[in-house]
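Convention: sequence-line order gives letters A, B, ...; per-chain numbering from 1.
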There are 2 protein chains.
Amino acid sequence: MPYNYNNMFSKSCEYGLRAIIYIAQQTAQDNKVSLTTISDAIDSPQAFTAKVLQQLTRNEIVKSIKGPYGGFVIEHEKMDVVKLSDVVAILDGDSIYTGCGLGLKKCNENSPCPLHFKFIEIRNQLKKMLETTTLAMVVKDMDTETFFLKR
Amino acid sequence: MPYNYNNMFSKSCEYGLRAIIYIAQQTAQDNKVSLTTISDAIDSPQAFTAKVLQQLTRNEIVKSIKGPYGGFVIEHEKMDVVKLSDVVAILDGDSIYTGCGLGLKKCNENSPCPLHFKFIEIRNQLKKMLETTTLAMVVKDMDTETFFLKR
DNA sequence: TTTATAACGGATAAGTTTGTCTGTTATTAA
DNA sequence: TTAATAACAGACAAACTTATCCGTTATAAA
């Protein structure tokens, strides 16, 4: 098994999060951004990123505008409403922060796997972080720290 | 994208962890267990589990014994030495608890991605948990709580 | 020494994710 | 109304993970 490394999120989700953060940041400055601009800014495969953005569009996380001068924006009222967990749930599902670490479907508080109480803390912390972080919060943070979305 | 759900670990790693925990528990009772017994106990595809166990054997996490009355055991002195992180590192690599949440290779303390300081806490906690939990500890816990490694 | 057993190793197949290509649809400006 | 632009949609392809199959090797017991 040659290529075995496993990230927290799938590529779809990584690109989706990076894209949404970039769009949010641009939206906050009243810029509308095209797919080309986005995939260039976050260094992701363009056509694949298009698919990911389509999903986020269908789920009304972003708004897409067709035609010349079109692109993607996030409606202002969404900035405080959309959480990282919304994006992750759409693209990867929620099993990363709700499922059992050993992949056991029936594992729970009452009949726990041997690692249940080791994992529950971490999963809950991840869950809490994703569910309490809005796009507005991420964008606000980006004012202060060095901005970085490539490679 | 129809089948997108993402667990913390790959299937290889899930099976590997379940297998090693089962073997450790049996070893603690001086039982040697065969592949058939293992894959039956942890409800995993037998041939695939064999491959995973081969990797763990090559990396000297478990000891395999060929021939009749053969099987897998964990040498007693290993029980306090082998950590969950060792198994995970072999089967999935360590990027789940060392890599950037957005998949950015150059992301670090000095040039952080917008979510770096949100993720670092969680990753460190996961890292710490995996690196400080030995097989002996897991087996010991299993005395008290309900034992559960299937489905 | 033979036979049965159980792990090992390589090849192959099936399933899923990741990525590309090509044409279509909507919309803006000229 | 036409031409250009940019998102959309579906098909297709490549890469990787998951899973199976089958013959080989080591070893214990008869």
Engineer: Nearest whole Å is fine: how far is D/dG10 P from A/Gln54 CD?
Structural biologist: 9 Å

Engineer: I want to check something: taking the side chain as every heavy atom from C-beta on, are B/Lys118 and A/Leu84 in contact at a cut-off of under 4.5 Å?
Structural biologist: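 Answer no - side chains too far apart.
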
Engineer: Can a donor-acceptor pair be found, under 3.5 Å and without considering hydrogens, that links the side chain of B/Thr27 to the backbone of B/Ile74?
Structural biologist: yes

Engineer: So, does the side chain of B/Lys11 form a donor-acceptor pair with the base of C/dG15 at under 3.5 Å?
Structural biologist: no

Engineer: Measure NZ/A/Lys32 against C1'/D/dA7 and give the value in whole Å, please.
Structural biologist: 12 Å

Engineer: May I have the distance from A/Asn6 (atom CG) to D/dA15 (atom P), rounded to whole angstrom?
Structural biologist: 20 Å

Engineer: A/Asn59 side chain to A/Ile61 main-chain N or O, any donor-acceptor pair under 3.5 Å?
Structural biologist: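 No; zero donor-acceptor contacts below 3.5 Å.
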
Engineer: If you pin B/Ala47 and A/Val33 to their nearest nucleotides in DNA chain D, which one's is more 5'?
Structural biologist: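 Nearer the 5' end of the strand: A/Val33.
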
Engineer: So B/Ser10, base contact, sugar-phosphate only, or nothing? Heavy-atom distance under 4.0 Å.
Structural biologist: sugar-phosphate

Engineer: For DNA chain C, which residues in residues 56-69 of chain A have a heavy atom at a distance below 4.0 Å?
Structural biologist: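 Heavy-atom contacts with DNA chain C come from A/Lys66, A/Gly67, A/Pro68, A/Tyr69.
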
Engineer: Using the closest heavy atom to pick a nucleotide of DNA chain C for each, name whichever of B/Leu53 or A/Tyr15 lands nearer the 5' end.
Structural biologist: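 Comparing both residues, the 5'-ward one is B/Leu53.
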
Engineer: Could you tell me which residues satisfy side-chain hydrogen bond (donor to acceptor under 3.5 Å, both in side chains) with B/Gln25, sequence neighbours excluded, listed by chain and number?
Structural biologist: none

Engineer: Using atom CZ of A/Phe9 as one end and atom P of C/dT18 as the other, report the distance to the nearest whole Å.
Structural biologist: 13 Å

Engineer: Whole angstroms only, please: what is the CZ-C1' distance between B/Phe48 and C/dT12?
Structural biologist: 15 Å

Engineer: Give the rounded distance in Å between these two atoms: CD of A/Glu14 and C1' of C/dT17.
Structural biologist: 13 Å

Engineer: Is it the case that the side chains of A/Ser10 and A/Asp92 hold a donor-acceptor pair, with the cut-off being a distance below 3.5 Å and no angle test?
Structural biologist: yes

Engineer: Is there a side-chain contact between A/Ser12 and the phosphate of C/dT18, meaning an N or O under 4.0 Å from OP1 or OP2?
Structural biologist: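 Answer is yes, contact under 4.0 Å.
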
Engineer: May I have the distance from A/Lys51 (atom NZ) to D/dA7 (atom P), rounded to whole angstrom?
Structural biologist: 13 Å

Engineer: Counting only heavy atoms from other residues, nucleotides and ligands, does the tally under 6.0 Å from NZ of B/Lys63 exceed 12?
Structural biologist: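 Not more than 12 within 6.0 Å, no.
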
Engineer: Hey, are B/Asp80 and B/Thr134 close enough side-chain-wise for a donor-acceptor pair under 3.5 Å?
Structural biologist: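 Note: B/Thr134 and B/Asp80 side chains miss the donor-acceptor criterion.
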
Engineer: Calculate the interatomic distance between A/Leu35 atom CG and D/dA9 atom P; express it in whole Å.
Structural biologist: 14 Å

